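Not measured: the values here are computed from a predicted model. Side-chain atoms are counted along with the backbone in the values below, which use heavy atoms only and exclude waters and symmetry mates. Labels below follow one simple rule: chain letters A, B, ... track the order of the sequence lines, proteins then strands, and each chain is numbered from 1.
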Amino acid sequence: MEKIKTRFCSRCKKNIGKGEFYKTSSYCRSCHKISNQMGKVKRAMRAIDELVEKGIITINDTVSALSLYSSCESRINACLYKKEGYETVRCDWDTPLEFMTDIIVELPTMWTDWQVQTTLYETNKIKSEKPTIDRIDSFGDYTLSNIQMLSFADNSIKAKSKPCVVLVIKDLRLYDTIEFCSLKEMREKLIRKLGIPINATNVKVDTGLIQNLGNGYSCIFQSKNGVVPKSIEPRYKVVIDKKTIKYNIETNEDVEIIEQSQSVFNVGSLSFSI
DNA sequence: TGCTTATCGTGATGCCCAGG
DNA sequence: CCTGGGCATCACGATAAGCA
């Protein structure tokens with residue numbers, strides 16, 4: 001005789017396989033999920049009611065406020081439970097309500113951005129258009145001065161994009177210094193600005209080497225916080241001219257060169273600070 | 001026991017980069 | 001030139017624990 005391994009779910013009132021229950025719950029998994037979601041919405045709605053009552057938002061802001069509440073809650077939890085990558089990140093707020101209130105009251109631009117982005121998301125339901133709470137400085141904490149609204153896509157882009165600087169050399173002279181927020185942006189703009197072929201922009205950063213792009217341009221690419229490996233093999237000559245000059249402040253002119261010297265040394269790689 | 005809340009894990013997104 | 005793994009970001013889902 002086989003025992004029927006079922007349990008009664010007190011929510012959907014059905015007998016369901018035991019495996020479909022969590023250890024301590026009297027709800028089956030699917031009911032539990034729904035109950036969880038409803039609980040979250042209830043909490044959010046309580047907070048929103050309070051804000052409406054205080055006149056901080058209107059009832060029309062409900063949809064935006066709901067998503068802001070859950071984002072605030074999510075960020076607080078990430079810091080609280082030290083999720084991977086958040087071990088050292090702090091959050092200035094303890095409750096989602098305090099968090100979102102400060103955003104709405106103290107950061108009106110962010111709140112407006114949030115509402116606009118929410119409307120955009122609600123019309124298309126594309127995940128990458130969802131608004132998220134971004135840390136402006138990704139190494140920093142969740143503080144009033146370090147947060148902004150960013151769409152999910154933009155946040156992902158920021159997460160992996162590498163800010164970099166390019167020194168452009170033409171005719172053996174420094175032609176331009178350009179900053180980019182990512183390598184992708186760097187490639188696109190170099191192609192447009194200098195008219196160089198696309199495969200020439202497939203360069204490596206932080207090599208400490210001058211790379212020829214064609215069209216008469218050469219570049220040095222360096223990323224933010226990038227470390228250039230030291231090379232013993234001499235590749236470039238660094239030439240430093242030193243002069244001691246007697247100078248007339250009144251006439252604003254050089255009077256005479258007292259001493260002049262030049263030092264030259266070899267280096268394997270070139271780097272600069274950003 | 002029925003339901004809610006706290007805690008922890010997984011998934012979506014899109015860039016970078018190595019390697020064929 | 002293409003592809004797939006790795007990574008950093010955040011939202012969402014699953015499970016354990018708590019409370020009346």
Could you please name the option among [options] that lies closest to any side-chain atom of [X]?
| X | options | result |
| --- | --- | --- |
| A:R46 | C:dA8, B:dT13, B:dT5 | B:dT5 |
| A:K83 | B:dT10, C:dA16, B:dG14 | B:dT10 |
| A:K184 | B:dT13, B:dC16, C:dA14 | B:dC16 |
| A:Y81 | B:dG14, B:dC8, B:dC3 | B:dC8 |
| A:A159 | C:dA8, C:dA14, C:dA16 | C:dA8 |
| A:K130 | B:dA12, C:dA16, C:dA11 | C:dA11 |
| A:N36 | C:dG6, C:dA14, B:dC17 | C:dA14 |
| A:S26 | B:dT5, B:dG2, B:dA12 | B:dG2 |
| A:S70 | C:dA11, C:dC12, C:dT15 | C:dC12 |
| A:S182 | B:dT13, B:dC15, B:dG2 | B:dC15 |

Side-chain N or O of [X] less than 4.0 angstrom from OP1 or OP2 on [N]?
| X | N | value |
| --- | --- | --- |
| A:R187 | B:dC15 | no |
| A:K42 | B:dT4 | yes |
| A:R43 | B:dT5 | yes |
| A:S128 | B:dT13 | no |
| A:R135 | C:dC10 | yes |

Does atom [atom1] of [X] have more than 12 heavy-atom neighbours, drawn from other residues, nucleotides or ligands, at distances under 6.0 Å?
| X | atom1 | result |
| --- | --- | --- |
| A:Y236 | OH | yes |
| A:K189 | NZ | no |
| A:E256 | CD | yes |

Given atom [atom1] of [X] and atom [atom2] of [N], what is their separation to the nearest angstrom?
| X | N | atom1 | atom2 | result |
| --- | --- | --- | --- | --- |
| A:R75 | B:dC8 | CZ | P | 16 Å |
| A:N77 | B:dG9 | CG | C1' | 13 Å |
| A:E87 | C:dA8 | CD | P | 11 Å |
| A:I34 | B:dG2 | CD1 | C1' | 16 Å |
| A:K162 | C:dG6 | NZ | C1' | 13 Å |
| A:I157 | B:dA12 | CD1 | C1' | 14 Å |
| A:D134 | B:dG14 | CG | P | 15 Å |
| A:Q117 | C:dC10 | CD | C1' | 14 Å |

Using a 4.0 Å heavy-atom cut-off across all strands, classify [X] as base, sugar-phosphate, or nothing.
| X | answer |
| --- | --- |
| A:S35 | base |
| A:S10 | sugar-phosphate |
| A:S74 | base |
| A:R7 | nothing |
| A:E84 | nothing |

With a 3.5 Å cut-off and no angle check, do the side chains of A:Q148 and A:D134 form a donor-acceptor pair?
-> yes
A:S67 versus A:W114, side-chain donor and acceptor atoms under 3.5 Å | yes
For residues 138-155 of chain A, which residues have at least one heavy atom under 4.0 Å from DNA chain C?
-> A:S138, A:Y142, A:F152, A:N155
Could a donor-acceptor pair under 3.5 angstrom be found where the side chain of A:T24 meets the base of C:dA17?
-> yes
Whether A:F99 and A:W93 hold their rings parallel, tilted or perpendicular, with breakpoints at 30° and 60° | parallel
Report the relative orientation of the aromatic rings in A:Y22 and A:H32; use parallel for angles under 30°, tilted for 30 to 60°, perpendicular for over 60°.
-> perpendicular
Backbone N/O of A:D141 and side chain of A:R90: donor-acceptor pair under 3.5 Å = no
Answer whether the closest heavy-atom distance between the side chains of A:V165 and A:T177 falls below 4.5 Å.
-> yes
